[in-house]
Every structure is written in C-alpha cells, then in structure tokens.
Amino acid sequence: QVRLVESGGGLVQAGGSLRLACAASGRTSSAYTMGWFRQGPGKEREFVATLGWRFSTTYYAESVKGRFTIGRADAPNTVYLQMDSLQPEDTAVYYCALDLSSIATTDARRYRYWGQGTQVTVAS
C-alpha cells in the first residue's frame with residue numbers, strides 16, 4: 001500500500017503564490033509517477049501537472065502552464081507544486097496522486113493512490 005499526504009494549501013490573494021507538497025510512503029519503487037489534480041466548486045476533477053520519477057518527465061495543463069511548476073522536493077518521495085500568479089479560478093481542492101508506472105500520464109484513471117486533498121482558495 002502507498003499513503004499520500006498533502007500539505008501547503010491555504011488562502012491567498014490573486015497574484016500570490018502557494019507551494020503544495022505531497023509525501024509518499026509505503027510500497028513505492030523507483031519507477032512511478034506523481035501528479036496533481038484539482039476539483040473546483042461545481043466542477044469535475046481536472047488534471048494539473050504530473051512528474052515521472054525516473055526520467056523527470058513533466059506535463060502541465062494549459063491553464064497552469066507558465067505559472068505552476070512540479071518538481072521533486074528535498075525530502076524522499078516528495079513532490080511539490082509551486083503555484084505562482086494565482087487567480088480566483090485556481091480555487092479548488094488539490095489532490096496528489098501516484099501511479100505505479102514510470103510513464104507520466106494526464107489520465108486520472110491511471111492513478112491508483114490518492115491523497116486526502118488540500119484546499120486552495122484565491123481571493124480576488
């Protein structure tokens with residue numbers, strides 16, 4: 001089993017920044033993918049960003065490209081999501097997810113393990 005724990009959500013003014021982190025523990029291997037998804041009020045869950053652990057391959061949703069950065073944190077098996085130039089439309093619950101494949105994917109159905117989510121609220 002794999003456990004994911006997110007941290008770093010909160011309230012920020014438009015144009016501000018937040019940094020989310022997700023720590024994975026349990027039966028991980030050296031070949032997996034970690035991604036971020038979000039679900040805003042009244043919206044369906046959507047892909048935000050993903051990182052393939054072995055080759056550091058990254059993909060971003062068009063809506064966050066150039067503003068968000070996904071990467072490996074210094075702590076073991078931890079991924080961060082640096083969010084800059086935040087806008088009210090970025091308000092959502094952000095979920096970390098892990099896929100046991102090394103091929104990075106934007107498809108939520110491929111991710112087997114999910115965190116509990118962390119709220120990000122951007123005030124206008």
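We're numbering straight along the sequence, starting at 1.
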- Message: Taking the side chain as everything from C-beta on, heavy atoms only, tell me whether L98 gets closer than 4.5 Å to T33.
- Response: no
- Heavy atoms, side chains only, cut-off 4.5 Å: are T91 and E89 in contact? no
- Contact check, side chains of D84 and F68, non-hydrogen atoms, under 4.5 Å: no
- Query: Are the side chain of Q1 and the backbone of G26 linked by a donor-acceptor contact shorter than 3.5 Å?
  - Reply: no
- Message: Before you tell me yes or no, could you show the steps for I70 and Y59 under side-chain contact (heavy atoms from CB on, under 4.5 Å), namely the whole-Å CA-CA distance, both residues' side-chain angles and the distance that decides it to 0.1 Å?
- Response: CA-CA 9 Å; I70 189 171; Y59 296 109; over 6 Å; no
- Task: State, to 0.1 Å, how close G115 and Y95 come at their nearest heavy-atom pair, and which atoms those are.
- Result: O-CD2, 3.7 Å
- Quick one: does S63's side chain have a donor or acceptor within less than 3.5 Å of a partner on A61's backbone? no
- Message: Please give me the minimum heavy-atom distance between P88 and A14, naming the atom from each residue.
- Response: CD-CB, 4.1 Å
- Closest heavy-atom pair, R67 versus L86, reported as atoms and distance to 0.1 Å, is NH1-CA, 3.9 Å
- Task: Kindly compute the distance separating CG (L11) from CD (Q119), expressed to the nearest 0.5 Å.
- Result: 9.5 Å
- Query: Which pair of heavy atoms, one from Y94 and one from D90, lies closest together, and at what distance?
  - Reply: OH-O, 2.6 Å
- Message: Could you tell me if Y32 and N77 have a donor-acceptor pair between their side chains, going purely by distance under 3.5 Å?
- Response: yes
- What one should report as the nearest heavy-atom pair of Q87 and G15 is NE2-N, 4.2 Å
- Without swapping roles, check the side chain of E6 against the backbone of G117 for a donor-acceptor pair under 3.5 Å. yes
- Shortest non-hydrogen contact between V2 and A24, atoms and distance: CG1-CB, 4.5 Å
- Parallel, tilted or perpendicular, as decided by the 30° and 60° cut-offs, for the rings of F37 and F47: perpendicular
- Sequence neighbours excluded - side chain to side chain donor-acceptor pair (under 3.5 Å) pairs with any residue from residues 41-50: R38-E46, T50-Y111
- Query: Do M83 and L20 come within less than 4.5 Å of each other through their side chains, counting heavy atoms only?
  - Reply: yes
- For D107, all residues meeting salt bridge (Lys or Arg N to Asp or Glu O under 4.0 Å), sequence neighbours excluded: R109
